[in-house]
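Here's the structure, in structure tokens; my notes come after.
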Amino acid sequence: MDRLRQEVLAAYGESGVPTFENIKTLKYLRAILDEVLRLFPPVPINVRSPFNDATVVPTRQGPLYVSSAGMLCTWSVPSMHKRKDLWGEDADKFDPERWIDPAKARKVVDNPFMFLPFNGGPRICIGQQFAYNEASFVMIRLMQLFDRFTLAQKEAAPASALPPAAWKTAGGRKPVEEAWPKNAITLYSKAKMFDIEYRLWLLRRLSNLLLPPLAAVYAALRLLDDTSNPFVPKSLLARTACYIISLPLYWAGWIRLSNWDNERRARKLGARLPPLIKSKKFGGLDLRERLVNGMTNDYVGVVFDEMLDEVGADTARLSILWSERVITRDPDVLKFVVSTGFPHFGKGELTEIRFRGLLGRGIFASDGERAKMHRALARPYFARERVSDYNTFQRHSAKVCDILINHAKQSRPCDVQDLFARFTMDTAGEFLFGRDDFGTLDMPLTQPGAEMVEGAKSATVEGGYGSFVNAFETAQVLITKRLAMGPYGWAMAEFFNDSVKKHTRVVDSYLEPIVRDAVQRRKNLKPEEKGEYESFLDHLADSTSDVQLIKDQLLNILLAARDTTAQLLSWTCYVLALHPDIMDRLRQEVLATYGESEEPTFENIKTLKYLRAVLDEVLRLFPPVPVNGRSPFNDATVVPTRQGPLYFSSAGMLCNWSVSSMRKHKDLWGEDADKFDPDRWIDLARARKVVDNPFMFLPFNGGPRICIGQQFAYNEASFVMVRLMQLFDRFTLAQKDAAPASALPPASWKNSNGRKRIEEAWPKSALTIYSKGGMWIKMHLASSSS
């Protein structure tokens with residue numbers, strides 16, 4: 001590294017910018033890249049098949065006969081790159097000198113097919129020069145900034161990603177490797193490297209912002225230096241000032257030109273740009289502050305409403321640090337983004353990078369074929385026979401009921417948000433992991449009181465499970481904050497310290513033993529013992545032994561299975577506490593169907609129309625995922641709406657929609673849009689609106705990526721609510737007495753409009769909705785139950 005830095009600094013100094021022409025002079029840098037490609041080729045395994053039978057392949061050892069058309073011919077590029085008869089006795093050694101020494105380098109010239117990092121022949125990779133240029137540019141910038149790299153695999157990577165101890169006694173490079181090279185079409189390190197991914201993304205984007213104006217000033221000064229003009233700045237200070245002044249001038253001109261060009265293109269396509277939300281500070285920093293404050297310290301979704309109301313539209317643009325995004329509450333836009341225009345939109349690179357620190361490459365951080373693969377894997381486990389398995393619900397809901405009965409007898413409030421999260425965790429443990437020993441409902445519950453410490457979402461929980469929950473929920477809060485800060489904002493703020501990483505380690509340490517145990521258990525079974533998969537984890541363990549991949553899969557499904565249903569139950573209890581008349585009517589329906597003790601079944605629970613109306617109304621006012629987003633794959637995407645086509649200018653720009661804001665559309669839901677009224681789902685005229693325009697109600701997303709677990713959530717929530725209605729005749733909200741003072745809605749909310757004025761709990765969002773500081777309910781036993 002020292003020698004490479006010397007070459008770079010000699011050529012460019014500490015701040016010079018490389019060009020296509022002069023980057024070729026860095027012989028040692030090219031030698032290092034070639035040596036890396038030799039030892040760690042991008043595509044380690046490749047294949048071809050002959051078109052005809054009886055194909056003869058000439059070799060130096062004599063012709064080889066390939067007998068059948070279609071038979072697979074596989075070659076290992078790493079094996080070829082380490083042959084001692086080709087590369088010498090030190091073939092396993094990393095030695096850039098082999099590319100500089102004329103005698104050694106001559107071997108590759110004479111036999112170019114001994115070095116194939118980018119394939120060869122007519123199908124040689126057309127992007128190889130691009131890859132060399134991009135890698136060279138980044139390495140030059142790194143050499144200018146840093147003088148030492150330290151490998152931190154042992155401290156930072158999951159234990160499962162470290163090379164096995166047995167490698168130390170192997171031959172070749174195995175004994176010296178401190179990272180685990182693996183192959184999944186292209187080479188990768190087994191450890192999660194997402195923290196480097198967003199840093200490289202930021203460096204690329206900053207290069208696009210900074211290099212053009214700086215290069216233009218440099219070229220202009222070089223030309224003027226050859227003249228005798230007395231006004232040409234000569235001093236270092238004056239030239240530095242020219243460089244600095246060029247940046248805002250370039251950005252201002254670039255923004256104006258881009259806006260003009262986008263408006264021209266939109267008119268040409270018969271569309272219009274969404275109105276722009278004006279910024280009062282340089283780079284839109286005031287908008288970033290509003291979003292961060294609104295998404296972390298205000299009522300969920302309100303900041304989107306305020307911004308959209310300012311421009312009098314349901315869809316608008318805003319620019320933060322020259323990264324433009326769209327926000328919307330228009331069902332027509334949602335219809336196109338998630339359904340009719342689905343092929344044109346995806347999670348996008350920025351969302352994937354933002355999520356991956358916690359969710360890896362699971363279903364919520366994937367697009368395209370990988371997302372289809374995740375859905376195909378998960379779909380069998382949400383089939384009718386599985387989501388209708390009420391025995392699982394019964395076992396765990398019985399513990400919930402016992403806990404609530406005990407609290408009711410002592411007239412003590414209970415944090416039902418924590419309780420239902422434990423219930424869904426234990427249910428998911430059996431459904432996903434095939435384990436009935438999670439036992440989170442058997443652990444000590446949080447206790448009310450002023451001394452209670454507020455956690456990321458609820459009150460803090462002790463023990464190993466508590467550490468997992470706190471880390472899991474804190475990571476969700478941080479990922480949501482990243483969304484508010486904008487791509488440049490969070491990437492720069494976390495350039496030297498990934499805020500999510502330490503919490504991910506805690507989550508991994510909790511799940512990894514469970515996954516390892518399942519993988520080993522499945523391996524130990526004889527083929528005749530395996531039979532039908534008992535859980536989603538069993539299926540994954542049969543498909544792969546990669547613990548990290550399995551954890552990513554499970555963590556994504558766990559997020560949906562645990563958080564969304566727990567919140568649906570929590571907010572249902574909340575509204576029933578505020579509306580005892582609705583609770584009375586719901587109890588009458590439940591008791592008329594099941595009496596005081598009969599358990600519901602999958603078939604007859606569908607007859608409870610009012611229960612379904614209550615749940616739908618809760619989902620309308622408190623949607624599980626209040627804010628969601630997609631990005632267009634291409635520039636110049638036209639989105640049809642009833643008010644006329646909208647023009648989305650750039651590929652990758654984020655389109656965020658607020659499901660919470662759509663519930664307040666009075667033209668969709670009527671003048672009582674903010675009111676909790678289950679009858680809107682029973683009254684045929686009002687219910688018809690949702691049938692005619694289903695994208696005005698999206699609690700579980702829509703289109704091809706609609707939540708495959710929505711029926712499971714309805715069944716699980718319905719079962720628990722039936723049991724609660726059989727046992728209790730009144731709920732009392734106890735937030736003021738039991739929740740931390742910091743979790744109560746601010747007094748200023750009483751002067752606001754809409755639901756903000758009447759809420760007695762604080763709805764917030766961190767990927768999923770939650771009640772700040774927990775949801776404290778005091779339950780009252782029905783006379784027959786007591």
Which atom of [X] lies closest to which atom of [Y], heavy atoms considered:
{"X": "Trp180", "Y": "Ala161", "value": "CB-O, 3.6 Å"}
{"X": "Pro181", "Y": "Phe40", "value": "CG-CE2, 4.2 Å"}
{"X": "Ile23", "Y": "Asn133", "value": "CD1-O, 4.4 Å"}
{"X": "Lys107", "Y": "Gly88", "value": "NZ-N, 4.5 Å"}
{"X": "Ala31", "Y": "Pro96", "value": "CB-O, 3.5 Å"}
{"X": "Pro78", "Y": "Pro44", "value": "CD-O, 3.0 Å"}

Test side-chain contact (heavy atoms from CB on, under 4.5 Å) applied to Arg562 and Leu558, step by step: CA-CA 6 Å; Arg562 173 185 177 268; Leu558 183 62; 4.3 Å; yes
Salt bridge check: are [X] and [Y] linked by an N-O gap of less than 4.0 Å?
{"X": "Lys93", "Y": "Asp95", "result": "no"}
{"X": "Arg38", "Y": "Asp34", "result": "no"}
{"X": "Asp498", "Y": "Arg482", "result": "yes"}

Say whether, by atom type as modelled, one donor and one acceptor occur between the side chain of [X] and the main chain of [Y] under 3.5 angstrom.
{"X": "Arg5", "Y": "Met143", "answer": "yes"}
{"X": "Trp87", "Y": "Met80", "answer": "yes"}
{"X": "Lys347", "Y": "Ala365", "answer": "no"}
{"X": "Asn634", "Y": "Ala651", "answer": "no"}
{"X": "Glu177", "Y": "Pro163", "answer": "no"}
{"X": "Ser650", "Y": "Met653", "answer": "no"}
{"X": "Asp367", "Y": "Gly348", "answer": "yes"}
{"X": "Thr169", "Y": "Ala166", "answer": "yes"}
{"X": "Asn556", "Y": "Asp552", "answer": "yes"}
{"X": "Arg630", "Y": "Phe345", "answer": "no"}

Got [X] and [Y] here, is their nearest side-chain heavy-atom distance under 4.5 Å?
{"X": "Trp75", "Y": "Arg48", "value": "yes"}
{"X": "Val57", "Y": "Tyr65", "value": "no"}
{"X": "Phe94", "Y": "Val176", "value": "no"}
{"X": "Tyr28", "Y": "Glu97", "value": "yes"}
{"X": "Leu554", "Y": "Ile557", "value": "no"}

Passes side chain to side chain donor-acceptor pair (under 3.5 Å), Asp2 versus Gln6? Steps please. CA-CA 6 Å; Asp2 290 339; Gln6 289 172 10; over 6 Å; no
Going from [atom1] on [X] to [atom2] on [Y], what distance comes out if it is rounded to the nearest 0.5 angstrom?
{"X": "Gln144", "Y": "Leu142", "atom1": "CD", "atom2": "CG", "value": "9.5 Å"}
{"X": "Leu483", "Y": "Leu767", "atom1": "CG", "atom2": "CG", "value": "9.5 Å"}
{"X": "Met71", "Y": "Ser67", "atom1": "CE", "atom2": "OG", "value": "4.5 Å"}
{"X": "Thr351", "Y": "Leu654", "atom1": "OG1", "atom2": "CG", "value": "5.0 Å"}
{"X": "Lys82", "Y": "Asp92", "atom1": "NZ", "atom2": "CG", "value": "6.5 Å"}
{"X": "Gln476", "Y": "Leu559", "atom1": "CD", "atom2": "CG", "value": "5.0 Å"}

What verdict does the side chain to side chain donor-acceptor pair (under 3.5 Å) test give for Thr150 and Arg148, after you've listed the backbone C-alpha separation in whole Å, the side-chain angles of each residue and the deciding distance to 0.1 Å? CA-CA 7 Å; Thr150 302; Arg148 188 162 57 94; 3.3 Å; yes
Neighbour count above 12 (heavy atom, 6.0 Å) for Phe51 CZ: no
Within a radius of less than 6.0 Å around CG of Leu64, do more than 12 heavy atoms belonging to other residues, nucleotides or ligands occur? yes
How are the rings of Tyr510 and Phe468 set to each other: parallel, tilted or perpendicular (split at 30° and 60°)? parallel
May I ask you to decide if the ring planes of Phe336 and His344 are parallel, tilted or perpendicular, using 30° and 60° as cut-offs? parallel
Side chain to side chain donor-acceptor pair (under 3.5 Å) between Asn22 and Thr19, worked out: CA-CA 6 Å; Asn22 60 27; Thr19 66; 3.1 Å; yes
May I have the list of side-chain donor-acceptor pairs in residues 112-125 shorter than 3.5 Å, sequence neighbours left out?
none

Report the residues that fulfil salt bridge (charged side-chain N to carboxylate O under 4.0 Å, His left out) with Arg98, sequence neighbours left out, ordered by chain and then residue number. Glu35, Asp90
Measure from NZ or CZ of Arg265 to the centre of the six-membered ring of Tyr647 and say whether it is under 6.0 Å with the direction within 45° of the ring axis. no
List the steps, then state whether side-chain contact (heavy atoms from CB on, under 4.5 Å) holds for Trp99 with Arg30. CA-CA 9 Å; Trp99 300 93; Arg30 178 57 181 259; over 6 Å; no
Dump the intermediate steps for side-chain contact (heavy atoms from CB on, under 4.5 Å) on Ile479 and Arg354, then the final yes or no. CA-CA 7 Å; Ile479 288 173; Arg354 183 165 56 89; 3.7 Å; yes
Working for side-chain contact (heavy atoms from CB on, under 4.5 Å), residues Leu33 and Ser136: CA-CA 8 Å; Leu33 295 179; Ser136 298; 3.4 Å; yes
